[in-house]
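Here is the naming used below: chain letters follow the sequence lines, and residue numbers restart at 1 for every chain.
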Amino acid sequence: MNFDYTEEQTLLDNMVTSFVRDNYDWDTRCNIVKSEEGWKEENWKQFAELGLLGVPFDEAYGGLGGKSADLMIVMEQFGKGLVVEPYLPTVVLAGGLISKLGSEEQKNSIIPEIISGNIRCAFAYAEPQSRFDLNDVKTSAVLNGDDYVLNGFKSVVFGAGMASHLIISARTEGEQRSESGITLFIVDTKSEGLTLQNYPTIDEYRASEVIIENLKVSKDNILGKVNMAYDAIEEIVDISTIAACSEAVGILQVLKDSTTEYCKNRKQFGQSIAKNQVIQHRLVDMMIEYEQAKSILYMAVTADLSNSDERRKAVSAAKARIGKAIKFVGESAIQLHGGMGVVDEYMVSHYFKRATMIGVLFGNTDYHMKRYMTLTQSGISSSDEAISVSVT
Amino acid sequence: MNFDYTEEQTLLDNMVTSFVRDNYDWDTRCNIVKSEEGWKEENWKQFAELGLLGVPFDEAYGGLGGKSADLMIVMEQFGKGLVVEPYLPTVVLAGGLISKLGSEEQKNSIIPEIISGNIRCAFAYAEPQSRFDLNDVKTSAVLNGDDYVLNGFKSVVFGAGMASHLIISARTEGEQRSESGITLFIVDTKSEGLTLQNYPTIDEYRASEVIIENLKVSKDNILGKVNMAYDAIEEIVDISTIAACSEAVGILQVLKDSTTEYCKNRKQFGQSIAKNQVIQHRLVDMMIEYEQAKSILYMAVTADLSNSDERRKAVSAAKARIGKAIKFVGESAIQLHGGMGVVDEYMVSHYFKRATMIGVLFGNTDYHMKRYMTLTQSGISSSDEAISVSVT
Amino acid sequence: MDTAFSNEDLKFQSEIRDFIKTNYPRELRDSINSKRKLGKELSREDLTAWHKILGKHNGWSAPSWPKQYGGAEFTPTQKYIFEQECAKAECQYIMPFGINMVGPVIYTFGNEEQKTQHLPGILSGEVFWCQGYSEPGSGSDLASLKTSAVKEGDHYIVNGQKTWTTMAQYADWIFCLVRTNPDAEKPQQGISFLLIDMKTPGVTVRPIKLMDGSHEVNETWFDNVKVPVENLIGQENMGWTYAKFLLAHERSGIAGVARSKKAIERIKQIASSEMSYGEPLIQDPAFKAKIAAAELELSALEYTELRTLAKDSAGKGPGPESSLLKIKGTDIQQAVTELAMEAVGYYANPHLGTTLSNEYVGPDYATNLSGTYFNFRKASIYGGSNEIQRNIIAKMVLGL
Amino acid sequence: MDTAFSNEDLKFQSEIRDFIKTNYPRELRDSINSKRKLGKELSREDLTAWHKILGKHNGWSAPSWPKQYGGAEFTPTQKYIFEQECAKAECQYIMPFGINMVGPVIYTFGNEEQKTQHLPGILSGEVFWCQGYSEPGSGSDLASLKTSAVKEGDHYIVNGQKTWTTMAQYADWIFCLVRTNPDAEKPQQGISFLLIDMKTPGVTVRPIKLMDGSHEVNETWFDNVKVPVENLIGQENMGWTYAKFLLAHERSGIAGVARSKKAIERIKQIASSEMSYGEPLIQDPAFKAKIAAAELELSALEYTELRTLAKDSAGKGPGPESSLLKIKGTDIQQAVTELAMEAVGYYANPHLGTTLSNEYVGPDYATNLSGTYFNFRKASIYGGSNEIQRNIIAKMVLGL
């Protein structure tokens with residue numbers, strides 16, 4: 001039993017840490033998020049050079065063959081730097097779907113392009129009515145000759161504005177909420193029939209509304225089998241949720257450490273405010289929440305993710321528990337920073353906003369709590385054995 | 001708008017306060033709860049002399065015609081003294097049912113006897129499977145000539161061991177959980193066919209399991225109409241819930257005040273532990289919880305209880321909110337008392353235990369929360385008017 | 001015990017209701033709501049229009065002021081009713097700086113000239129005030145303020161910096177705590193209460209952006225600002241006394257009960273439209289339990305406020321218990337803004353109305369809800385953080 | 001990163017499992033469970049039987065002790081596995097006073113005679129120890145202790161009173177902190193670590209009843225008790241050092257993860273039998289959300305403990321982070337005992353097994369659940385209250 005990084009993992013960790021330290025100081029980051037584009041292509045090239053874009057991909061396609069633990073390392077450091085480049089949408093989410101479902105041909109043509117940084121992808125799945133339900137798909141795809149014709153609307157697609165390609169989930173069969181009948185299409189962002197409304201998010205990332213009107217997609221651009229995409233979507237969104245949790249844990253560490261530091265230095269009534277026991281205990285509780293968040297992330301990362309029941313349970317446990325930590329640590333960080341906490345100028349509010357929005361991503365605390373309960377409490381019934389023993 | 005007591009209420013308050021102060025000091029109370037009987041008949045006689053047993057009853061039967069506010073005054077002071085005599089079971093619960101459903105003849109024969117202290121009653125409604133559901137009644141009553149024959153089992157009947165009469169809810173018709181088909185019978189505790197298993201409760205009150213085997217009850221001893229008792233049971237249990245909440249608020253006041261006092265006096269590391277800011281803030285939060293509990297009790301007491309929807313809503317709001325206060329104030333009181341908090345010898349644990357058990361009485365926090373939600377959130381639907389305004 | 005309104009109260013209530021219906025312009029409400037929804041800055045006109053209307057009607061712009069100074073002199077019950085009705089009708093709330101803060105200080109401690117000069121403009125809403133208390137670094141330790149006022153002839157020369165000056169961008173006047181005696185024994189001594197015309201040379205206002213991007217507060221700089229000695233309130237070096245008076249004076253409405261009620265209503269409507277797991281979100285047990293918990297807390301708080309008002313009207317004064325209203329009131333506001341954000345799922349993300357985006361996306365009810373949640377983190381910090389409020393209760397109520 | 005057990009670990013796990021299956025008497029388990037359920041006092045035999053069995057098997061009664069003193073010298077992973085398996089099989093847990101507390105002090109700081117005299121009895125479970133630290137009024141301020149030991153010839157004369165001495169009613173020996181130098185500069189100085197035979201004249205044990213009526217703790221009085229100087233551990237006046245060593249030494253299992261897991265399982269079973277609103281309680285959204293919340297917290301805590309163990313086995317030592325395990329571990333225990341009480345509705349009320357009631361009522365699983373809830377309020381108080389644990393983390397980990 002050990003939680004130490006392997007040598008390779010330590011190298012990866014050092015590499016990402018150096019990138020953030022050297023290329024992502026606070027002023028640089030502020031300029032990036034204020035720019036028209038909202039990201040920096042230069043950084044993306046660096047990711048490619050460092051090999052970061054290949055972390056989760058199979059070695060057969062030029063990737064590093066990394067696991068969840070490796071993605072955790074990258075995302076945790078990205079969290080610490082509030083790196084806004086679309087790594088999660090492109091590499092983890094879209095990249096995961098392509099790896100999972102793509103044909104040999106598709107994988108050979110797309111994955112190396114992602115790894116080299118030449119293309120970026122985003123996954124358009126949510127719809128105005130779907131909230132977090134991946135099975136709730138109204139966007140339709142109707143076969144017309146050799147092409148499918150897609151119509152519909154996708155909500156809050158992260159990274160779409162920077163992507164060359166979109167993966168779109170559409171209904172080829174079945175009712176609006178049926179798990180079967182969902183198909184994935186990969187299309188060029190500039191295709192006729194696609195309109196993107198790009199906007200910044202409250203936490204300074206970028207997302208888009210995607211309007212799909214008579215978008216023609218060739219059969220060749222289907223990912224995986226027609227009607228059968230749901231399981232893969234759920235799996236890859238789960239993997240991406242662990243990545244998002246990793247980013248959150250990185251952010252929580254910054255929030256906890258910087259708040260502790262701030263309270264030590266901030267003087268009021270002639271002394272450091274960290275001399276107040278109430279503030280000390282709140283900082284301790286922030287640390288405890290951080291440690292618990294990190295622990296449950298480790299639980300998820302070391303779980304047997306190839307077992308879909310274990311994966312679902314571990315992911316929802318982690319997202320729900322980390323969601324609780326985000327709220328407590330984030331709100332406490334702002335409260336203890338006082339006036340400095342609520343202004344745009346100081347770093348802490350930006351970390352808080354990003355953490356809060358990760359809380360929403362891929363389903364919020366309540367959503368994953370419900371999924372966890374459904375997974376763990378459905379099969380319980382009164383045991384045959386008499387319950388004859390005391391509770392503690 | 002005012003929350004002051006009327007002159008009569010002030011007199012009543014003073015009277016009960018004096019009784020507790022003069023007749024219910026801590027040692028006296030400890031002796032009472034350790035006695036075989038678990039209550040003191042002498043005190044009951046005093047209640048009768050002071051007129052306390054007549055508070056809620058109609059003046060026509062010799063009562064004082066008091067309202068919920070008057071019962072609140074009595075119960076709050078009883079709470080402060082942890083008075084164990086069965087006032088709530090006899091006067092509020094059973095007395096309420098008799099006032100509500102009794103025939104003129106029954107009321108004329110029973111109520112004056114209660115007021116004079118000659119008889120005590122208890123209400124046997126809960127069953128092993130019913131939990132807090134008043135409609136869940138398996139105990140059966142079958143007509144046989146002019147008598148009903150009752151069979152069944154009643155759980156945790158407070159005050160039954162001290163009662164001369166029991167009111168029993170039984171099913172004369174319908175399914176186990178049907179609201180219609182429930183009938184109330186009033187019987188002598190010594191009747192053949194009734195067996196009482198008496199026991200102390202964890203908070204030093206007394207309750208009984210009531211085994212009913214072929215208990216014959218004359219039609220004349222039915223309270224109200226056959227099959228139609230449910231509404232009255234719900235109403236009187238609601239009124240009794242307000243009385244229990246009043247007792248709880250009295251207890252919370254003692255817990256808050258005595259803990260504040262204890263922390264001021266208790267020295268550690270060379271100073272009063274109340275110098276610790278963490279303890280100060282916890283005491284403040286106890287006070288806030290107490291004030292909020294008292295406020296929602298006032299809300300319930302001043303609500304229009306004759307309107308059954310308003311009554312249900314107000315009662316469940318109060319019980320749920322006060323249940324939360326009980327947990328916080330009670331657990332905090334023990335924690336801040338440290339070692340002194342967990343021993344039997346010191347008063348605070350007794351107040352904590354009683355408050356906790358009031359939390360269970362007539363339905364716990366979750367139970368009333370659910371009832372409140374059902375009452376308040378069933379009719380909501382998307383409004384026709386566009387929701388076009390911001391949330392704050 | 002009696003919480004029912006008297007017949008006079010009921011008559012008063014319908015008078016208020018009618019007045020609002022007739023006089024509060026629907027276009028004003030819609031315009032303010034729409035700006036707020038989009039995270040757009042409210043104009044000075046938005047903030048004062050309703051104030052100006054009330055100012056022309058029996059002193060209703062100043063519910064607590066004595067009649068002799070042109071106020072309405074409502075009873076506590078009337079004030080409660082007035083606030084409820086205004087909140088229900090979504091009237092823009094009156095900026096507190098003139099009416100609730102400097103006004104009472106002027107009519108209590110000011111001289112006749114000051115009363116004549118300032119009270120009418122405050123009442124009518126024509127003159128816009130802001131508050132110069134906090135300074136960078138002072139935070140909850142207000143008495144550590146450093147802005148200096150040195151008397152030279154018939155002027156004070158003011159130098160220093162104030163911060164968190166809400167709406168200073170619109171203000172005509174600012175009331176300031178300044179240090180007139182730097183050698184006083186205790187920091188609370190040697191402070192004076194000064195009224196300063198914002199148009200005086202040397203006054204500079206710089207915006208502070210809050211984390212939701214909004215511009216509500218500012219830094220206000222004083223660089224050799226000449227202030228006539230006539231603008232001193234009361235006696236020199238006694239400013240701390242007036243400041244404390246001001247803090248204790250106006251606490252009604254601090255709990256924001258009526259506004260939070262309205263907010264919960266709207267969340268219920270939003271949650272009836274939003275779907276989760278194939279059912280309206282309002283049916284989701286976790287979500288509805290949170291709504292119910294907020295409602296219970298609010299019901300209790302409403303009665304806590306009523307009890308305080310009743311004490312107040314019995315002449316017992318609100319006292320430090322009002323810290324409780326502040327703590328619980330802001331707790332609930334924060335819980336409610338969070339629930340609203342939660343209700344809209346992914347549509348908490350878009351940050352609209354920025355220079356980077358002119359298009360609006362998502363359901364109409366969702367815009368700016370996360371912005372409001374983030375903005376409201378300030379509520380437990382300003383006006384004496386909730387930690388400070390607990391310190392006050394510990395000391396003043398519990399005697400610790 | 002690797003949390004999978006190695007093949008050796010798995011082999012070890014099945015060895016433990018087999019051993020328990022073969023050697024832990026089912027009657028013992030049933031008898032202990034039944035007594036606990038009824039709130040009956042456990043006998044000395046109940047508390048030591050399993051200890052005695054383990055003591056005969058490769059030093060398994062002392063998982064952490066070095067082999068040279070007869071212990072098992074398990075690796076951290078093995079200790080974790082051992083605790084898990086024992087908890088799963090509901091083995092009576094080993095009293096910590098000998099094995100985890102005084103034992104390591106003796107083999108670390110004691111002389112050869114002391115080792116020879118005491119270690120075998122501790123290992124075998126034949127000698128029952130208790131702890132004499134706390135005194136009336138000392139609470140978390142342990143160093144304020146007053147019990148005095150004055151050297152007269154070859155004895156110390158001990159006078160004073162200890163409190164919260166758990167299971168002193170069965171103890172053969174007590175290890176005590178006593179004051180040997182009342183004039184020392186700091187309260188932590190001048191304290192010595194003394195072993196006292198409970199049969200010595202002048203030692204009196206008086207029971208303290210806890211709020212659930214149970215008898216676990218006692219007052220222990222010393223009235224001119226003559227203790228041979230040979231019973232002093234280490235050097236005179238150095239007792240505080242040994243006490244601190246002891247506190248830091250044995251933290252494994254402090255979180256009680258395995259036991260809380262078992263408890264949650266049982267609550268689920270109870271809640272499947274209990275009905276509420278016409279459905280099994282386990283289907284009630286509020287109740288099941290509370291169970292799930294406890295499970296998540298416990299999953300996280302399990303990994304926090306594993307991370308601490310891993311650090312420990314890497315030689316980095318557990319350090320003050322173990323305060324976190326204590327805080328969270330007891331939080332969960334308290335949440336779980338409360339859930340169990342809640343699950344049984346009205347049957348939380350009966351207080352059975354008292355002199356006032358010999359009959360048992362209600363479902364078998366319900367007895368004493370409220371007693372256990374009330375009893376477990378102690379968990380956040382003893383062993384350094386959770387407030388003190390937070391002070392420790394603030395100082396030692398966060399550097400505040």
Item to check | Heavy-atom pair count under 4.5 Å with chain A, highest-scoring of C:E342, C:M341, C:E274 | outcome: C:E342
Next on the checklist: Which one wins on heavy-atom pair count under 4.5 Å against chain A: C:S380, C:S214, C:S144, C:A286?
Outcome noted: C:S380
Checklist entry - Considering only heavy atoms, which portion of C:L142 lies under 4.5 Å from any heavy atom of chain A: side chain, backbone, both, or neither? => result neither
Item to check | Electrostatic pair A:K353-C:D212, nearest N-O below 4.0 angstrom | outcome: no
Next on the checklist: Are the side chains of C:N349 and A:L361 in contact, using a 4.5 Å heavy-atom criterion?
Outcome noted: no
Checklist entry - Do the charged groups of C:D141 and A:K267 touch, with an N to O distance under 4.0 Å? => result no
Checklist entry - Among A:E331, A:H350, A:M369, which has the most heavy-atom pairs under 4.5 Å with chain C? => result A:E331
Item to check | When C:S134, C:P285, C:S138, C:P350 are compared by non-hydrogen pairs under 4.5 Å with chain A, the top option | outcome: C:P350
Checklist entry - Can you say whether C:A343 sits under 4.5 Å from chain A via the side chain, the backbone, both, or neither, judging by heavy atoms? => result backbone
Next on the checklist: If you count heavy-atom pairs within less than 4.5 Å of chain C, which of A:H337, A:K370, A:R371 leads?
Outcome noted: A:K370
Checklist entry - chain A: which of C:Y382, C:Y346, C:W164, C:Y373 shares the most heavy-atom pairs with it under 4.5 Å? => result C:Y346
Next on the checklist: Quick one: does any side-chain atom of C:R377 pair with a main-chain N or O of A:G341 as donor and acceptor, under 3.5 Å?
Outcome noted: no
Checklist entry - Do A:S155 and C:Y347 have side-chain atoms, one donor and one acceptor, less than 3.5 Å apart? => result yes
Checklist entry - Do you know which of C:G345, C:G362, C:P187, C:S385 has the most heavy-atom pairs under 4.5 Å to chain A? => result C:G345
Checklist entry - Do A:V343 and C:M211 have side chains that get closer than 4.5 Å, going by heavy atoms? => result no
Checklist entry - Out of C:L281, C:V217, C:I208, C:N368, which one racks up the most heavy-atom pairs below 4.5 Å with chain A? => result C:L281
Item to check | chain C contacts, top residue of A:Y346, A:Y205, A:Y199 (heavy-atom pairs, under 4.5 Å) | outcome: A:Y199
Checklist entry - Between A:E345 and C:K209, is there a salt bridge with N-O shorter than 4.0 Å? => result no
Checklist entry - Have A:Q335 and C:E387 got a donor and an acceptor in their side chains that come within less than 3.5 Å? => result yes
Checklist outcome for this item: Counting heavy-atom pairs under 4.5 Å with chain C, the top scorer among A:D136, A:N198, A:N364, A:T356 is A:T356
Checklist entry - Under a 4.5 Å cut-off applied to non-hydrogen side-chain atoms, are C:I381 and A:V342 in contact? => result yes
Item to check | Ring centers of C:Y277, A:Y367 separated by less than 6.0 Å | outcome: yes
Checklist entry - Of all of A:T365, A:D133, A:I202, which one pairs up most often with chain C through heavy atoms under 4.5 Å apart? => result A:I202
